[in-house]
Structures are given as C-alpha cells and as structure tokens.
Chemist: 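Submitted below is the structure of interest, expressed as structure tokens.
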Amino acid sequence: MKVVSVEEAAAAIPDGATLMATGFTASAIPEYVLKGIEDHFLAEGSPKNLTAVWDAALGDGRGAGMDHLAHEGLVKEAIASHCNLVPHMQAMIDENKIPAHILPLGTISQMVRESGSGRPGVFTKIGLGTFVDPRLAGGKANDITKEDMVEVMNIHGEEYLFYKAFPIQAAVIRGTTIDEHGNLTCEHEPCICDMMVVAQAVKRSGGVVIAQVESVCEYGSLNPRDIIVPGFMIDYAVVAPKEYHPMTCGHPEYEPNWGQEYRIPLSSVPALPLNERKIIARRAAMELEPDQIVNLGFGMPEGVASVAAEEGFADKLTLTVECGHIGGVPAGGLNFGACFNSDYVVDMTRQMDWYDGGALDCAFLGAAEIDQYGNANVTRFGKTVGPGGFINIAQTAKKVCYCGTLTAGGLKVAVENGKLIISSEGRTKKYVSDVEQISFSGPTAHKMGQEVLYITERAVFRLTEDGPVLTEIAPGIDLKSQVLDQIDFEVKVADDLKEMDARIFRNEPMGITI
C-alpha cells in the first residue's frame, strides 16, 4: 500500500474501467477521491469511459458522491440501485446519454461478491414479478440499454432470476484509519457497507483499490479484530481533509454515538410533531409485536423509530437497516445509514443475505404509487429513481406496511379536537389504476401469503385477492369526498369499516404497549 495524493490516485484509474464506490445513501461516501476523479478528468481528460457502479444511493442531492462522475466522456454506463440523491447522474440516464441497469441493492452487492469468488452470478427469487424481471424490463433504465443482465431460470420446477456477475477493475472505498501495510479500520464510520467484497472483486480482476481515510498509523497499532479490509487488498490510501470526510452529508462532524462509542437514553431521541408523518408512523407502530425483527425504509417509515422511542418500547424490538445495523434506532434523512445504540454492525452483503432468507418479521416502507392490484411503485415516477434495498426487503418480510400520504403535492393537514382536518388537498393522487413501474407485485405477495397493509394519514387498506380493501378511516374524514374520490380506481370498502384509533390524533404519547 502506498499513501498518495488525490491526483495520483485519480491517475491510477485506467480508462474504460468498471469502477465501484462504496457508501450508503449520504453516509460514509469517499467524497474527496470521487471529487478528485472529477477534477482530474476535467483537467487531463482521464480517467474516461468508466462504467460507474454503486449499490446504495451515494449522494446528497446537491452534487456529492457519484454525481462527481456525471460528465459525458468520464462515464459511459451505470449499474446502480438508486439515483434520487445523484440528480446529475439521474439526468444522464433519463436523457439517454448513458445506458444503465437499475437493480436491487442487495443483489448488486451479492453480484460483486460472486464476481470476487469466481462464480457466474446470483440465483435468487428477488425481483420476480417486478421491473427487474426480464419479462417486464429486466432492470433496463432507458431505451439505449441493450445488454441483458438478468435471466429467468427454472430450477427444480421453480422460477428464479439469474443476475450475471461482472468484473470490476477499480474501487474507491472509505475507512477511518489505515496502517503502513494498508490494513483498514472503520471506527469513525457510520456503517461498514460492502468494502470487503468490493475489494475482493477488484483484486480478482487485477485492478486497483483506493481507500480514503482520516489518518495513517504505524503497522501493528491496530487490533486485528477491528480491521475491515486487509492490507494486501488495498493499493493506495488518500488522507482526506476533514471537510471532505463528513460522517454523513447531513451531519459532517463525528458523532461518537454513531461510532458506537457509547449509548444514549432513547428518551433523548427527538419526538415528531403531530403532523401527517407522525399520524402514519403511529398507526404503523401499532402493527408491531414484541421481539420482532424490523426494517424501516427511507423517508416516511423512519418516523416509526421515533414513535417506538417516544412510546418506550424500542428496546422490545430489533430495528435494522440494510447497510448493516442491527438493534438501536436508525437515524433519518441524510443521516440514514447511521444508527443510535446499535447492538451489532455487520457488512451490507451479509445483512442482505439475512434479509433475503426471510429474517424480517415486519418492514415499513414508502411508496410513490399504489394501484388496484396492490402493486407498489418506488422506482420510477417521471424519472429513474431505483429501488435501493426495497425489493429485497418488500419481497421477503413476513408483513409489509406501506407508509405514505393518500395524495401528494400541496397536501396540508391539521388535527383539531381529535379529528383530522384536510386543510389543503394534494394535487396528485398516489392510488392509481396502474403504477408506472412495478417495484412490488401485489398478486405475487398475496399468492405467497404475505400480509400487506397500506397506511395513510386518513385511511388504512389491506391487501386481499381483490386488491387493496379499505378497512379503517380517520375521525373527521368524509369517506366519499376525502377517500374514495381521491383514488383512481374503485376500491372495495370493508363491511366492518372501523375508525382509526383516536389516540393517534392526540398531541400526547399514545400509551402503546406491545
């Protein structure tokens, strides 16, 4: 391992390479090196014609992360799971400037592991019936994407998808401390991500691994049990200035609790104001049971963790995040990927293997659209977004609760005297006849016996053979004008339609017990 400048690191990346960067949403991004690659290309014209790979969002929506590579000539193709936090790369895909495959986060990580292990790819049921199924779109994000990366295969009478592994010639990873022999630790990082399998895949291809770090220490100083990537897998280390090594894009300074240095009282986790997000989170939290293993998706579902902490039962659950946290309370927004009071932190590849095997009792996920069949869309609404870990989670959890408002765009609500008031209706209906893209298959879920709820601020629906059925309505809400008329398809109303729990609409703890 050699300590080099960021310019030297960028120059070491060969033209035409497949380059993968690690990180998770806006956490643990190797920002300094990615910016260095951009600067080197703009000044020298290289590296060029890269295939850019990332399995988590890896950006902040303002130009950080993989968006540094979003230049014509620098990047020629993309393989990713999420694009919404990298709008420049997203635009290149949507404008047909580069071909792109958008695939499940966990499956990309597993494809990389298989590449490093010399195996041909991943056989899995993840993605069946969704847009990554080649009978729909095969994960192809635009018209110029022609290569097939996913095949349907029949194994012992059952359908599987086969995701073809691909070689990787360069990687940019990130840790905290590296010793003189290249051994890398992550004590100040919010998550480990999948650095080891990425490095392994690159070294099998004879490629170059670059590690962004805070500092270099003497060989022998590090506890071998703390080393995440061994030195023989790292070629170059770049010491980043503090401003280019933020813990997360939402919280640049080091947060010791997120580094698992100590635990905080969960009562100190801020409570949500009583708005539509908290209403949905409260109703969703009522689906929890003791000792469940739970995943909370990005966005609206994050509020469930806050409610669990406020109600005092977060310690009766095992909350998890796909990047590798088990236990504790996940952080939200641009801090997603960090976690308060983690019990265990594992790499993302093993976490997704665990999820795929059916470990989750319950998952709380967002959705941009729900249709008459119970299908959910989180991956495309006018632009390429991608699933992140959604497909791995939604397809394997025993119970799935979709959390989101009934309408969007200008929706304003208030709570008065225990009743929900819609002061301004949203301009866009989210419950539509047919979703723009199938990210979750309602018919497949029903066939598999999966329990599925769709929870909004004013109504709750349950998936049946006939699609979503309305089972609950908020106090103060008119059934016809404020629910049925805001849905683009004819939804069945349960014979025993109930009113949502009145405690949800009071500005005080509910007193939920699980």
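Index from 1, following the sequence.
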Chemist: Would E253 and K242 count as a salt bridge (charged side-chain N to carboxylate O under 4.0 Å, His left out) here? Give the steps.
Modeler: CA-CA 9 Å; E253 298 298 321; K242 185 176 180 180; 3.4 Å; yes
Chemist: Tell me the closest heavy-atom pair linking F440 and A445, and the distance in Å.
Modeler: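 Taking F440 first and A445 second, the nearest heavy atoms are CZ-CB, 3.3 Å.
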Chemist: Quick one: pull up CZ in R350 and CD1 in I192 and give me the separation to the nearest 0.5 Å.
Modeler: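 One finds 7.5 Å between CZ of R350 and CD1 of I192.
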Chemist: Does the K125 side chain pair with the main chain of E159, one donor and one acceptor, at a distance under 3.5 Å?
Modeler: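 Yes; at least one donor-acceptor contact below 3.5 Å.
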Chemist: Is it the case that the side chain of Q169 and the backbone of S205 share a donor-acceptor pair, with hydrogens and angles ignored and the cut-off at 3.5 Å?
Modeler: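 No, Q169 side chain to S205 backbone: no donor-acceptor pair under 3.5 Å.
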Chemist: Do D67 side-chain atoms and H88 backbone N/O form a donor-acceptor pair below 3.5 Å?
Modeler: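 The answer is yes, because a donor-acceptor pair under 3.5 Å joins these two groups.
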Chemist: Would you please name every residue forming a side chain to side chain contact (heavy atoms under 4.5 Å, CB included) with D356, sequence neighbours left out?
Modeler: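 With neighbours one apart ignored, the set is Q110, I126, N392.
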Chemist: Could you tell me whether the side chain of N377 and the main chain of I438 form a donor-acceptor pair under 3.5 Å?
Modeler: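 No.
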Chemist: May I have the step-by-step check of side chain to side chain contact (heavy atoms under 4.5 Å, CB included) for V152 and D133, ending in yes or no?
Modeler: CA-CA 7 Å; V152 179; D133 190 316; 3.8 Å; yes
Chemist: What are the two closest non-hydrogen atoms of H71 and F41, and how far apart are they?
Modeler: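 Nearest heavy atoms, H71 then F41: CB-CE2, 3.9 Å.
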Chemist: Let me know which of I13, D15, T18 forms a side chain to side chain contact (heavy atoms under 4.5 Å, CB included) with L50.
Modeler: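 Of the listed options, the one satisfying the test is I13.
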Chemist: Pick one: which of T51, V53, I37, V208 meets side chain to side chain contact (heavy atoms under 4.5 Å, CB included) with L19?
Modeler: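 Answer to the side chain to side chain contact (heavy atoms under 4.5 Å, CB included) test with L19 among T51, V53, I37, V208: I37.
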Chemist: Is it the case that the side chain of E31 and the backbone of G65 share a donor-acceptor pair, with hydrogens and angles ignored and the cut-off at 3.5 Å?
Modeler: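 Flag set: sc E31 to bb G65 pair under 3.5 Å.
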Chemist: Does the side chain of H325 pick up a donor-acceptor pair with the side chain of Q351 at under 3.5 Å?
Modeler: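 Distance-only check fails for H325 and Q351.
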Chemist: What's the separation between atom OG1 in T248 and atom CZ in F24, rounded to the nearest 0.5 Å?
Modeler: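 Between T248 OG1 and F24 CZ, I get 12.5 Å after rounding to 0.5 Å.
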Chemist: Can you confirm whether R135 sits close enough to L128 that some side-chain heavy atom of one is under 4.5 Å from a side-chain heavy atom of the other?
Modeler: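 Counting from C-beta outward, R135 and L128 do come under 4.5 Å.
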Chemist: So how far is it from Y402 OH to I280 CD1, rounded to the nearest 0.5 Å?
Modeler: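 Spacing of OH (Y402) from CD1 (I280) equals 15.0 Å.
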Chemist: How far does CE of M20 sit from CD1 of I173, to the nearest 0.5 angstrom?
Modeler: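 Rounded to the nearest 0.5 Å, the CE-CD1 separation comes out at 11.5 Å.
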Chemist: Check whether the side chains of D94 and N142 place a donor and an acceptor atom closer than 3.5 Å, and report yes or no.
Modeler: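 No donor-acceptor contact under 3.5 Å links the two side chains.
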Chemist: Answer yes or no: is there an ion pair linking D353 with R113, defined by an N-O contact shorter than 4.0 Å?
Modeler: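 Looking at R113 together with D353, the answer is yes, because their closest N to O distance falls below 4.0 Å.
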Chemist: Donor-acceptor pair, distance only, cut-off 3.5 Å: does the side chain of E7 make one with the backbone of H40?
Modeler: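 Here the side-chain-to-backbone pair does not exist.
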Chemist: Would you call the rings of F162 and F123 parallel, tilted or perpendicular if under 30° counts as parallel and over 60° as perpendicular?
Modeler: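 If you compare the ring of F162 with that of F123, the planes turn out tilted.
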Chemist: Specify the closest pair of heavy atoms between F166 and S115, including all atoms of both residues, with the distance to one decimal.
Modeler: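 Distance-wise, the nearest heavy atoms are O-OG, 2.9 Å.
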Chemist: Between H188 and Y254, how do the two ring planes meet: parallel, tilted or perpendicular, split at 30° and 60°?
Modeler: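 Tilted, since the angle between the ring planes falls between 30° and 60°.
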Chemist: Do K48 and L74 come within less than 4.5 Å of each other through their side chains, counting heavy atoms only?
Modeler: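 A side-chain contact under 4.5 Å is absent here.
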Chemist: To the nearest 0.5 angstrom, please state how far the CD1 atom of I293 sits from the OG1 atom of T318.
Modeler: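 These two atoms lie 5.5 Å from each other.
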Chemist: Under the criterion side chain to side chain contact (heavy atoms under 4.5 Å, CB included), which of C323, C339, S342 is the partner of C191?
Modeler: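 Of C323, C339, S342, side chain to side chain contact (heavy atoms under 4.5 Å, CB included) with C191 is met by C323 alone.
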Chemist: Taking side chain as C-beta onward, heavy atoms only, is V385 less than 4.5 Å from V378?
Modeler: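 SC-SC contact between V385 and V378 ruled out.
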Chemist: Under 3.5 Å, side chain of N96 to main-chain N/O of D143, donor-acceptor pair present?
Modeler: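 The answer is yes, because a donor-acceptor pair under 3.5 Å joins these two groups.
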Chemist: Could you check whether any side-chain heavy atom of T145 comes within less than 4.5 Å of a side-chain heavy atom of E77, counting everything from C-beta outward?
Modeler: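 Contact flag for T145/E77 side chains = no.
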Chemist: Counting distance only, does the side-chain N/O of Q90 pair as donor-acceptor with the main-chain N or O of T384 below 3.5 Å?
Modeler: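 Yes; judged by distance alone, with no hydrogens or angles, the pair exists.
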Chemist: Side chains of Q292 and D361: is there a donor and an acceptor less than 3.5 Å apart?
Modeler: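 No, no side-chain donor-acceptor pair sits under 3.5 Å.
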Chemist: Closest approach of G231 and N183, non-hydrogen atoms and distance?
Modeler: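 In this case the closest contact between G231 and N183 is N-OD1, 2.8 Å.
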Chemist: Does the side chain of E214 pick up a donor-acceptor pair with the side chain of T176 at under 3.5 Å?
Modeler: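 No - no donor-acceptor pair under 3.5 Å links their side chains.
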Chemist: Locate the shortest heavy-atom distance separating V435 from A376; write the atom from each residue and the value.
Modeler: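 Minimum heavy-atom contact is CG1-C, 4.4 Å.
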Chemist: Would you check, one step at a time, whether the test side chain to side chain contact (heavy atoms under 4.5 Å, CB included) holds for T130 with S439?
Modeler: CA-CA 5 Å; T130 75; S439 320; 5.8 Å; no
Chemist: In this structure, which one of E151, E147, E114 forms a salt bridge (charged side-chain N to carboxylate O under 4.0 Å, His left out) with K164?
Modeler: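 Of E151, E147, E114, salt bridge (charged side-chain N to carboxylate O under 4.0 Å, His left out) with K164 is met by E147 alone.
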Chemist: Would you say the side chain of P134 lies within less than 4.5 Å of the side chain of M149, judging by non-hydrogen atoms?
Modeler: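 Not in contact.
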Chemist: Can you see which heavy atom on A26 is nearest to which on L334, and at what distance?
Modeler: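 In terms of heavy atoms, the two residues are closest at CB-O, 3.4 Å.
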Chemist: State whether the side chain of W54 and the backbone N or O of H82 hold a donor-acceptor pair below 3.5 Å, judged by distance alone.
Modeler: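 Present.
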Chemist: Do the non-hydrogen side-chain atoms of M89 and I98 ever get within less than 4.5 Å of each other?
Modeler: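 Contact flag for M89/I98 side chains = yes.
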Chemist: CD1 of I79 to CG of D55: how many Å apart, nearest 0.5 Å?
Modeler: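 CG of D55 is found 11.0 Å from CD1 of I79.
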Chemist: Check for a donor-acceptor pair, side chain of E180 on one end and backbone N or O of Y219 on the other, with a separation under 3.5 Å.
Modeler: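 Indeed, once roles are kept as given, a pair shorter than 3.5 Å links the two residues.
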Chemist: Distance only, no hydrogens: is a donor on one side chain within 3.5 Å (strictly under) of an acceptor on the other, for E187 and T185?
Modeler: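 E187 vs T185: donor-acceptor pair found between side chains.
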Chemist: Determine, step by step, whether L319 and F340 satisfy the side chain to side chain contact (heavy atoms under 4.5 Å, CB included) criterion, reporting the C-alpha distance in whole Å, the side-chain angles of both residues, the deciding distance to 0.1 Å, and the verdict.
Modeler: CA-CA 11 Å; L319 302 180; F340 300 96; over 6 Å; no
Chemist: Counting C-beta onward and ignoring hydrogens, is there a side-chain heavy-atom pair between I210 and D235 closer than 4.5 Å?
Modeler: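 Result no, sub-4.5 Å side-chain heavy-atom pair not found.
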Chemist: May I have the step-by-step check of side chain to side chain contact (heavy atoms under 4.5 Å, CB included) for H101 and K140, ending in yes or no?
Modeler: CA-CA 5 Å; H101 285 87; K140 297 172 183 175; 4.0 Å; yes
Chemist: Would you say that E322 contacts M352 through its side chain, given a criterion of any heavy-atom pair below 4.5 Å between the two side chains?
Modeler: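 E322 reaches M352 side chain to side chain.
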